[in-house]
Amino acid sequence: MQPSEKALVPFVSVDNMMRLVHHIGVERMITDIAAQIEADFKRWESFDKTPRIPAHSPHGVIELMPTSDGEAYGFKYVNGHPKNTSEGLQTVTAFGLLADVYTGYPTLLTEMTMLTALRTAATSALVGSYLAPKSASTMAMIGNGAQSEFQCLAFKAMCGIDTVRLYDTDAAATEKCAANLAGSGLSVVKCKSPEDAIEGAHIITTCTADKKNATILTDNLVGPGVHINAIGGDCPGKTELHRDILLRSEIFVEYPEQTRIEGEIQALEDDHPVTELWQVMTGQAEGRKDDRQITLFDSVGFAIEDFSALRYIQSAVRGTDYYEPLDMLADPDDPRDLYGMLMRAK
Ligand code: NAD
């Protein structure tokens with residue numbers, strides 16, 4: 001028996017996601033997703049919020065990230081396995097789902113590895129548009145792995161960055177990133193050390209992967225007035241910045257309850273003051289106060305960003321062939337006759 005039309009769930013595969021990104025354009029899509037994230041952060045109070053649910057192992061972490069605005073429910077499944085690249089596998093992979101709160105039926109299933117890179121870059125640049133110095137033109141990009149090109153293009157599209165200074169402990173990653181950014185309109189400088197990378201940078205993005213309390217930047221490297229976009233510290237025991245940098249910075253976070261567990265601020269006391277980004281976006285809290293202040297986005301990635309990205313994809317694929325209908329709900333004609341449906345299928 002063919003499932004009825006209403007029971008089919010739109011599924012966006014990796015192939016279709018890539019077709020969609022090419023159709024829309026990377027920078028345009030990042031900018032559009034950022035607009036959706038900003039709109040959702042501005043209605044922060046309408047969301048159910050909880051720190052994500054991790055399953056830690058010596059190998060990495062697997063996390064579920066749920067939220068709902070009362071009408072739609074969404075979650076992302078995502079892993080973080082820094083050791084994976086040495087085995088030819090990705091550090092981060094993800095997929096996600098949207099459902100209708102009224103029926104509980106799924107309304108979208110999609111790959112989210114590509115989408116996570118886009119939404120992380122969108123969030124970073126959105127936050128940068130509030131906090132980075134307005135005249136910023138140069139960004140240091142430390143950690144040149146899977147997320148890095150997306151980060152660079154997001155800051156180009158949304159914060160006016162024209163130069164990126166790349167550094168990675170693995171020179172091959174820097175070569176890959178530089179090659180991928182050729183022709184993007186960005187000036188790309190390959191650097192041999194973190195010190196070299198942050199030379200003249202107004203924005204410093206750290207996006208490394210190592211399951212330890214790393215010190216990608218030491219305090220003496222960070223001058224006044226910069227904006228730090230710290231992406232890679234997103235798990236207990238996995239951070240990137242020296243504590244002294246945190247003590248000199250005004251720290252901005254997505255959701256404090258999650259960031260205190262996972263972010264750079266796990267190195268600080270539990271009551272260390274932080275500013276919530278949704279409050280900056282709604283005008284309830286101040287962003288950058290002056291041109292000597294160090295602003296720090298202690299990014300860990302929050303479920304509402306994924307919800308925004310899922311909603312964006314749902315509307316972007318509607319009426320297109322960028323998805324396949326997936327038979328993942330039983331949906332018998334008589335809703336109580338599940339067994340009869342099984343027997344009739346024999
Ligand atoms: P990746 O493994 O593809 O790339 C990480 C890069 O960091 C590698 O090229 C590695 O050589 C480099 N690196 C490691 N230690 C370094 C050091 N000390 N100095 C300079 N470079 C170093 O990983 P990815 O997918 O690009 O993700 C990067 C990080 O961002 C991960 O830790 C991931 O968990 C995190 N992440 C955060 C968010 C968020 O929302 N905050 C979203 C996605 C990924």
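Just follow the structure's listing: the first ligand is 1, and inside any ligand the first atom is 1. Each residue takes its place number in the sequence, starting with 1.
Leu277 and Ile251 fall into different hydrophobic clusters, where Ile, Leu, Val, Met, Phe, Trp and Tyr side chains are chained together by heavy-atom contacts under 4.5 Å. Using a 4.5 Å cut-off between side-chain heavy atoms of Ile, Leu, Val, Met, Phe, Trp and Tyr, with links allowed through other members, Ile304 and Tyr77 fall into different hydrophobic clusters. A continuous path of ILVMFWY side-chain contacts below 4.5 Å connects Val226 to Ile198, so both sit in one hydrophobic cluster.
The shortest distance between side-chain heavy atoms of Leu126 and Glu305 does not fall below 4.5 Å. Between Ile245 and Leu296, the closest side-chain pair of non-hydrogen atoms is not below 4.5 Å.
The N/O atoms of Thr85, backbone and side chain alike, include none that comes under 3.5 Å of an N/O atom in ligand 1. Taking only nitrogen or oxygen atoms, main chain and side chain alike, Asp234 reaches within less than 3.5 Å of ligand 1. Checked by distance only, ligand 1 and Ile231 come closer than 3.5 Å through their nitrogen or oxygen atoms.
Just one residue in the list Thr208, Val300, Thr120, Thr206 forms a side chain to side chain contact (heavy atoms under 4.5 Å, CB included) with Ile231, and that residue is Thr120. Checked against Asp219 for a side chain to side chain donor-acceptor pair (under 3.5 Å), the options Arg248, Arg243, His242 give a single hit: Arg248. None of Lys42, Glu45, Arg43 except one satisfies the side chain to side chain contact (heavy atoms under 4.5 Å, CB included) rule with Trp278; the exception is Glu45.
Taking each of Asp170, Leu217, Asp168 in turn, the one with a heavy atom nearest to atom 6 (C) of ligand 1 proves to be Asp168. Looking at Thr208, Asp306, Thr239, Thr93, it is Thr208 that brings a heavy atom closest to atom 31 (C) of ligand 1. Remark: among candidates His81, Gln147, Glu254, the nearest residue to atom 44 (C) of ligand 1 is Gln147, based on non-hydrogen atoms.
Ligand-side atoms of ligand 1 in range of Gly301: 39 (C), 40 (O), 41 (N), range being under 4.0 angstrom from any heavy atom. Atoms of ligand 1 found under 4.0 Å from any heavy atom of Ala173 (numbered from 1 in listed order, with element): 9 (O). Close contacts between ligand 1 and Thr120 involve ligand atoms 38 (C), 39 (C), 40 (O), 42 (C), 43 (C) [criterion: under 4.0 Å to a heavy atom]. The contact set between ligand 1 and Ser299, taken as ligand atoms under 4.0 Å from a residue heavy atom, comprises 39 (C), 40 (O), 41 (N). Residue Val300 approaches ligand 1 through these ligand atoms, each under 4.0 Å from one of its heavy atoms: 39 (C), 40 (O), 41 (N).
In this structure a side-chain-to-backbone donor-acceptor pair under 3.5 Å is missing from Glu262 to Thr259.
With sequence neighbours left out, the side-chain contact (heavy atoms from CB on, under 4.5 Å) criterion links Gln293 to Glu250, Arg288, Lys289, Asp290, Thr295.
Of the protein's heavy atoms, Ala209 O, 3.6 Å lies nearest to atom 14 (C) of ligand 1. Nearest non-hydrogen protein atom to atom 3 (O) of ligand 1 is Ala146 N, 2.9 Å. Taking atom 4 (O) of ligand 1 as the reference point, the nearest protein heavy-atom neighbour is Gly145 CA, 3.2 Å. In this structure, atom 18 (N) of ligand 1 lies nearest to the protein heavy atom Ile216 CD1, 3.1 Å. Remark: minimum distance from atom 13 (N) of ligand 1 to any protein heavy atom is reached at Thr169 OG1, 3.6 Å. Atom 28 (C) of ligand 1 has Cys207 O, 3.5 Å as its closest protein atom, hydrogens excluded (heavy atom only).
Between Ala154 and Ala121 the shortest heavy-atom distance is CB-O, 3.4 Å. In terms of heavy atoms, Gly96 sits closest to Leu310 at C-CD2, 4.0 Å. When all heavy atoms of Ala125 and Cys159 are compared, the closest pair comes out as O-SG, 3.4 Å.
The shortest heavy-atom distance from Lys238 to ligand 1 is under 4.0 Å. Residue contacts with ligand 1: Ser148 is excluded, as none of its non-hydrogen atoms falls under 4.0 Å. Judged by the shortest distance from any of its heavy atoms, Tyr167 lies inside the 4.0 Å radius around the atoms of ligand 1. Within the structure, ligand 1 has Arg119 among the residues with a heavy atom less than 4.0 angstrom away.
With a 4.0 Å cut-off on non-hydrogen atoms, Thr91 touches ligand 1 through its side chain and not its backbone.
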